Structures are given as C-alpha cells and as structure tokens.
J.: 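One structure follows; several queries about it will come next.
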Amino acid sequence: MASPMAVLAVEAEKTRGKYAAISIAVIVTVIGLPLWWKTTETYRASLPYSQISELDSLWLELKMPVEVVFAKGSLSLEHQRRIPTSLLKQTEQQLNMKTGFRRTLEIKCRMATVMEEEALKITDVEGMDKALQLNSNPPGSVGIYIVPGTSSLPQDIGVYIGKHRTAVLHSVLDKSKRFEEAMSNWMPRVEEIVQVMSFSNDDLHAALLDRISAGQFSKETFADSMRAFKSSLGYEITFSLLNPDPKSHNLHWDIETAVKSYIQPFLEKLSSVASFSVDSQILYYAILGVVPRFDKKTGSYNLNAYSLPHVINPVEARLGSNAASLYPVLNFLLYVPEYTHTPLYIQDGTGVPIKTNAFHSPRWGGIMVYNVDHRDSNETVFPVHVSIDMVRVMEVFLTQLRLMLGIQKVQMPSDFFFQDPGNEGVTDWELDRLLWSRTVENIAMATTTLTSLAQLLDEIGNIVINDQIGSEVYKAVAAVKMAIAELEAGRLETAFQASRDAINSSEKAFFDPSLLHLLYFPDDQKFAIYIPLFLPMAVPIVLSLLNIVKEHKRNKGRKEPTKLD
C-alpha cells in the first residue's frame with residue numbers, strides 16, 4: 001500500500017503536467033499561431049479600391065476657351081451693342097454605359113483693338129497671322145477674328161487658319177437682319193473652325209478606343225488611330241539607308257544636316273509631348289526579300305500593294321534597333337534598288353505608281369524607294385557615286401512621321417485655307433489637336449489599367465502588393481483626377497502633363513515584377529509545407545488536453561452528491 005507522501009507526490013506531478021500542457025496550449029494558441037500567421041502572410045499594401053471603382057465610369061468635361069473678335073465693319077452699331085460678353089455652347093455624347101463626354105465652348109466676344117485692326121489690314125496672310133500674335137492664345141484655346149467682306153483677306157478664302165491658334169473669318173454684314181439672325185450666320189462657322197482646330201467627335205472616339213468598341217466610329221478614323229503609335233513617354237527614330245548593291249552604287253547621304261534642318265525643328269515643337277532620340281545607319285547587302293515584277297511596257301520593275309507586307313520582315317531582321325529599345329521605335333528606310341532592278345516603282349491597289357514611291361506600315365515606320373538615274377553616268381565605271389537628294393527624302397519621311405505620331409490630316413471645307421507649318425513641321429493648333437487626343441487617350445488607358453489591376457489583385461489574394469506599388473497606384477489615381485479636373489477647367493497643358501503622370505504610374509504598378517513572386521505559391525502549398533512540421537508537435541499537446549478534459553469530467557462526476565429520496 002502506497003504511503004500518503006507518495007500519493008501526494010503523484011498528485012502533485014499530475015497537477016504540474018496539467019498546468020504544463022495547458023500553458024503550452026495557451027502559448028501556442030495565443031502567441032505561436034498568430035505569430036506564425038503574421039510572419040507567413042502575404043504583404044499587401046492598402047490600395048484605393050473605392051476611388052478606382054469610381055474611375056471605372058469615365059465622364060469627361062472638355063472645356064475650350066474661344067475668343068471671337070469682331071473687326072471694324074463686321075457689325076452694325078446696333079449689333080455691337082448687343083454682342084454678348086460670353087456664352088456657352090455645349091454638346092455631349094454617351095458612348096456606352098461607362099464612358100461619355102461633354103464638350104463646352106466658352107466663347108468670349110469683343111471688338112478688335114487698334115493694333116489688331118492694323119494687323120488685319122496686312123495683305124500678306126502669313127504676315128497678318130504673325131502680327132496677330134501680339135496676345136498669343138494659351139494652348140487649347142482658339143482666337144477667331146471676324147472681318148468684313150471688304151477686308152484685305154482674299155475673297156476666295158472664307159476662313160484663313162494660320163500657323164498659330166488664330167483664324168480669320170470672312171463675314172458679310174447684312175444690316176437689315178436682326179441680331180439673332182446675324183448671330184445664327186457666324187456662330188455655325190465659329191463652331192466649324194473650332195472643330196477643325198481642336199478635335200472632332202471621331203478624334204475622341206479614337207482616343208477612347210480602350211473603353212469603347214471599334215464599331216462606334218468610321219473606318220477612316222479607325223484606320224488613322226491604328227496607324228499612329230500609342231501614347232508614350234519617348235520615341236526612338238531610326239533612319240536607315242539600305243544599299244543592297246554596293247558594287248554598283250557608292251551612296252552618300254547627308255543625314256546629319258537633313259535631320260537638323262527638317263526633323264529637329266519638328267521634334268523640338270513636340271518636346272512637351274514626348275522625348276525623342278534620333279540615330280542613323282547604313283546597311284549593305286540588305287534586300288527587301290520580295291522579287292519585283294518586270295513590266296515590259298515601261299521597262300521598269302514594280303512592287304504591287306499585295307507584296308508590300310512581305311517587305312518588312314526580312315528588312316526588320318537587319319535593323320537590330322527594336323530589341324534594346326525602352327520606347328517605341330519609328331523606322332524610316334531609304335532603299336536604293338540594285339542596278340539590275342532599276343528603276344523600281346511602288347504601285348497602289350489599282351496598279352498606278354505612287355507619286356512619292358514610298359509607303360508606310362502602321363505603328364512601325366516607312367520605306368521609300370530611291371531610284372538612281374544611270375542615263376547620265378558612265379556605266380563602265382563602277383561603283384557609281386550617288387548624292388542623294390535629302391530634301392525630297394525628308395519631305396516624305398516628315399509626312400510619314402506626322403502620321404506615326406498621330407498628327408492626322410484634317411478634312412476641311414473647300415473655302416478653308418491653312419498656312420503651311422514650314423520647317424517646324426507642325427502648327428500650334430495641330431499640336432493642340434494632338435494634345436487633346438493624347439490627354440484623353442492617356443486618361444482612358446490609365447483608368448483601364450487601374451481597374452484591371454484592382455480586379456486582378458482582388459481576385460488573387462496571395463499576390464504581394466509592396467509599398468512601391470501602392471504608392472504608384474495612389475499617384476496614378478490622383479493624377480487621373482487632376483487631369484480630368486484640368487480638362488474641365490480648360491487648361492490643356494497641365495491636363496496633358498497630369499495624364500502623362502497617370503499613365504506612367506499606372507503602368508509602373510501594373511508591370512511591377514514583384515507582383516509575380518508569390519503568384520504560383522498558393523495557400524494549399526503553404527499548408528502542405530507546414531503541416532509535416534507542426535503536426536508532430538501538435539499531437540502530444542492535443543492528447544494532453546483531451547486527457548485533462550476527460551479527467552476533469554470524471555472528478556466532477558465523483559464530487560456530485562447522491563440525491564436521496
């Protein structure tokens with residue numbers, strides 16, 4: 001029979017065991033499991049999901065300041081007294097359930113000043129346009145001067161649009177008409193001028209292509225939008241001279257001088273839109289990859305429109321500029337055919353030779369074929385020295401470059417006349433048209449990117465969202481809101497800069513490489529790794545707790561008094 005001391009020692013040992021098991025279970029439950037869960041959870045920085053969901057529905061308010069200036073003689077005295085100082089013309093369009101815009105013309109009217117009257121008397125329209133820039137209009141605005149039919153503006157010109165942001169409108173004064181009738185005559189013309197110098201509905205449809213279907217605008221507009229490169233922070237321009245027959249042709253092109261004279265002024269004008277880098281190269285023994293067809297009637301070789309798509313791939317493999325580029329590359333190739341395939345002409349779909357002997361590929365670049373005239377050369381001495389006419393070449397490449405960057409040719413009425421941009425390659429109002437389209441396009445792309453990113457991160461919960469991604473998302477949301485607000489206030493330049501910041505931050509967040517680190521490490525794999533580690537430790541603790549519970553129930557049953565009747 002055990003002594004009382006031994007029984008007490010056994011009971012004390014059991015009590016210590018109970019307390020030890022309970023303590024370990026409490027520590028594991030209260031401290032261990034939360035600590036393990038916290039140290040193994042996927043870090044996800046907070047994101048403005050509610051604000052991003054609001055951007056999913058995009059409604060743009062586009063305000064354009066317009067100043068209408070009446071020259072002396074364009075209005076009667078009665079009409080002058082009734083000119084409104086300001087008025088608004090609004091049109092709106094709902095493209096789909098989540099996208100729409102309202103266009104507001106904020107028109108301010110006044111009479112011309114003495115200096116403006118003197119400028120309007122200049123017979124040279126280019127000199128008139130230059131003299132009218134005394135009070136230059138800010139980007140995104142338009143100034144329209146309404147002059148009488150007796151002005152110095154040529155009578156065959158209904159509307160003259162200069163290099164800057166001003167236009168001159170011929171208006172015939174009819175004093176017998178009431179003011180409302182006179183206003184109804186020049187107001188539609190003002191709206192027509194503004195649409196030419198700013199943007200049209202088709203331009204906005206093309207800019208909002210990421211949010212609407214392609215069937216909502218014309219084929220011509222869709223083709224123009226697909227021809228131009230997407231908005232980017234920078235572009236790389238490469239001019240390449242292809243000499244497939246160096247044994248016959250010794251080619252010389254003054255590309256450096258040509259770029260300084262024709263391309264650089266154009267790129268400086270677009271410096272606010274994007275950054276540009278220009279380089280050039282000469283490639284020998286580079287062929288087009290398509291055998292031209294010989295025409296016996298003309299004694300020339302031809303490339304028809306159906307074979308042009310097959311020209312680019314063999315040439316592109318020799319360029320070597322796209323692989324290491326951070327920005328889109330615009331390729332402009334000058335191809336001098338080999339002696340055996342000279343002259344070589346490019347034909348359109350109807351078989352008619354193209355006047356420029358050049359073609360362009362959407363969002364890639366352009367190719368021009370430059371034929372060498374061997375009639376005046378001594379063909380017994382090879383190679384023939386050829387000095388390329390860079391004026392003719394750069395005129396073609398500059399036109400193609402305008403199309404690649406989104407400066408489309410504007411369809412104007414027959415009585416409209418606009419001043420040639422000259423060496424700068426782009427007028428101020430054409431630059432404004434580009435900024436309007438790019439701003440709207442950037443906002444549409446940024447909102448689409450942000451909503452896609454938010455949806456992705458919400459559906460896949462084990463993707464890491466670091467603080468850098470969260471910061472870029474917050475920046476993008478703030479920049480989008482700022483761009484929308486600046487457009488509503490009529491400040492085009494600041495709206496464009498904000499839209500650039502928005503697209504830059506949204507793409508940085510969307511394409512951050514850290515988003516893929518735990519994409520292929522789901523929760524079931526996590527448990528498969530930790531269960532073999534924790535299970536051997538958890539079994540003794542669980543069994544001890546079960547024994548404690550069972551013993552507690554037995555002891556409780558023994559202590560209950562027996563009820564006697």
Side-chain angles (χ1 to χ4, degrees), residues 60 62 64 101 139-140 161 163 165 195-212 214 216-238 262-263 265-278 325 327-332 358-366 396-412 418 421 424-446 448 483 487 492-493 495-500 502-504 507:
L60 296 175
L62 308 174
M64 174 175 297
F101 63 88
I161 300 177
K163 293 182 180 180
R165 299 178 178 93
Q195 186 169 348
V196 168
M197 298 180 67
S198 59
F199 56 86
S200 62
N201 288 345
D202 284 342
D203 295 332
L204 292 183
H205 294 172
L208 294 169
L209 183 60
D210 285 351
R211 300 182 62 96
I212 63 176
Q216 291 185 246
F217 44 92
S218 62
K219 293 182 179 180
E220 293 78 9
T221 304
F222 180 75
D224 290 341
S225 65
M226 296 304 295
R227 181 187 296 115
F229 278 88
K230 284 288 187 180
S231 179
S232 175
L233 298 178
Y235 299 92
E236 296 186 12
I237 303 174
T238 300
Y262 292 92
I263 304 300
F266 174 73
L267 298 183
E268 288 177 358
K269 199 71 178 290
L270 296 179
S271 59
S272 61
V273 178
S275 59
F276 297 91
S277 63
V278 182
S325 174
Y327 299 121
V329 179
L330 289 74
N331 298 284
F332 295 97
F359 71 98
H360 67 272
S361 176
R363 299 185 182 180
W364 184 84
V396 174
F397 283 163
L398 185 58
T399 302
Q400 293 178 343
L401 180 59
R402 283 168 51 92
L403 295 175
M404 295 293 110
L405 295 178
I407 305 175
Q408 309 295 342
K409 185 177 180 181
V410 183
Q411 298 295 331
M412 296 188 181
F418 68 96
E424 292 182 344
V426 60
T427 61
D428 291 343
W429 59 269
E430 285 179 323
L431 180 59
D432 286 353
R433 285 182 63 92
L434 180 62
L435 289 181
W436 283 111
S437 297
R438 292 302 195 196
T439 303
V440 175
E441 179 184 350
N442 289 343
I443 293 174
M445 291 176 61
T448 303
L487 282 179
L492 179 59
E493 263 192 330
F496 173 73
Q497 295 300 329
S499 70
R500 285 188 63 185
I503 192 67
N504 186 31
E507 291 191 349

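Since this is a predicted model, take the numbers as computed values, not measurements.
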J.: Inspect the contact between R433 and E430 and indicate whether a charged nitrogen and a carboxylate oxygen are less than 4.0 angstrom apart.
T.: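 Not counted as a salt bridge, because no side-chain N and carboxylate O are separated by less than 4.0 Å.
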J.: Determine whether the side chains of S231 and N442 contain a donor N or O and an acceptor N or O closer than 3.5 Å.
T.: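 Side chains of S231 and N442: pair found under 3.5 Å.
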J.: What distance do Q400 atom CD and R402 atom CZ have between them, rounded to the nearest 0.5 Å?
T.: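 One finds 12.5 Å between CD of Q400 and CZ of R402.
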J.: Applying side-chain contact (heavy atoms from CB on, under 4.5 Å), run through T238 and L330 and close with a yes or a no.
T.: CA-CA 6 Å; T238 300; L330 289 74; over 6 Å; no
J.: Taking K163 first and then D428, would you say they form a salt bridge - that is, a charged N and a carboxylate O separated by under 4.0 Å?
T.: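 Salt bridge between K163 and D428, a charged N being under 4.0 Å from a carboxylate O: no.
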J.: Search all heavy atoms of S232 against all heavy atoms of A274 and return the closest pair with its distance.
T.: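 Closest heavy-atom pair between S232 and A274: O-CB, 3.6 Å.
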J.: From F266 CZ over to L405 CG, what is the distance, rounded to the nearest 0.5 angstrom?
T.: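 Between atom CZ of F266 and atom CG of L405 there are 5.0 Å.
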J.: Whether the side chain of S361 engages the backbone of G366 through a donor-acceptor N/O pair (distance < 3.5 Å, no angle test) should be reported.
T.: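 No; judged by distance alone, with no hydrogens or angles, the pair does not exist.
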J.: Tell me the closest heavy-atom pair linking F496 and R438, and the distance in Å.
T.: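 Shortest heavy-atom contact: CE1-CB, 3.6 Å.
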J.: Provide the closest heavy-atom pair for L492 versus G140 in the form atom of the first, atom of the second, distance.
T.: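 Minimum heavy-atom contact is CD2-CA, 3.6 Å.
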J.: Ignoring hydrogens, what is the shortest heavy-atom contact between A495 and T439? Give both atom names and the distance.
T.: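 A495 and T439 have their closest heavy atoms at O-CG2, 3.7 Å.
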J.: Where is the tightest heavy-atom contact between A444 and L208, given as atom of each residue plus distance?
T.: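 So the minimum-distance heavy-atom pair works out to CB-CD2, 3.7 Å.
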J.: Are the side chains of H360 and M404 in contact, using a 4.5 Å heavy-atom criterion?
T.: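 Contact flag for M404/H360 side chains = yes.
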J.: Kindly write out the residues that satisfy ring-ring contact (aromatic ring centres under 6.0 Å, His included) with Y235, not counting sequence neighbours, or none if the list is empty.
T.: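 ring-ring contact (aromatic ring centres under 6.0 Å, His included) check on Y235 returns F276.
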J.: Tell me, do T427 and D432 make a side-chain contact under 4.5 Å, heavy atoms counted?
T.: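 No, too far: nothing below the 4.5 Å cut-off.
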J.: Can you measure from CD (E236) to OH (Y327) and round to the nearest 0.5 angstrom?
T.: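 Going from CD on E236 over to OH on Y327, the span is 8.5 Å.
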J.: Taking atom OG of S499 and atom CG of L435, what is their separation to the nearest 0.5 Å?
T.: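 The OG atom of S499 sits 8.5 Å away from the CG atom of L435.
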J.: Taking the side chain as every heavy atom from C-beta outward, state whether I237 and V329 have any pair of such atoms under 4.5 Å apart.
T.: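 No; the side chains remain at least 4.5 Å from each other.
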J.: State which residues pass ring-ring contact (aromatic ring centres under 6.0 Å, His included) with F397; sequence neighbours excluded, sorted by chain then number.
T.: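 Partners of F397 under the ring-ring contact (aromatic ring centres under 6.0 Å, His included) test: F239, F332.
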J.: Would you name the heavy atoms of V196 and M412 that are closest together and state the gap between them?
T.: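 Where V196 meets M412 most closely, the heavy atoms are CG1-CE, 3.5 Å.
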J.: Could you give the distance from CD1 (I503) to CD (E441), rounded to the nearest 0.5 Å?
T.: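 If we round to the nearest 0.5 Å, I503:CD1 and E441:CD are 8.0 Å apart.
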J.: Under 4.5 Å between any side-chain heavy atoms of D202 and H205, yes or no?
T.: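 Yes. Closest side-chain heavy atoms under 4.5 Å.
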J.: For the CD atom on E493, are there more than 12 heavy atoms of other groups (residues, nucleotides or ligands in this structure) within a distance under 6.0 Å?
T.: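 Atom CD in E493 is not crowded, with 12 or fewer foreign heavy atoms closer than 6.0 Å.
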J.: Let me see the working for L204 and W436 under side-chain contact (heavy atoms from CB on, under 4.5 Å), right down to the final yes or no.
T.: CA-CA 8 Å; L204 292 183; W436 283 111; 5.8 Å; no
J.: Please report the interatomic distance CG(L434) to CZ(F199), rounded to the nearest 0.5 Å.
T.: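 Output value for this atom pair is 13.5 Å.
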J.: Could you check whether any side-chain heavy atom of L401 comes within less than 4.5 Å of a side-chain heavy atom of I407, counting everything from C-beta outward?
T.: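 No, every pair of side-chain atoms sits at 4.5 Å or beyond.
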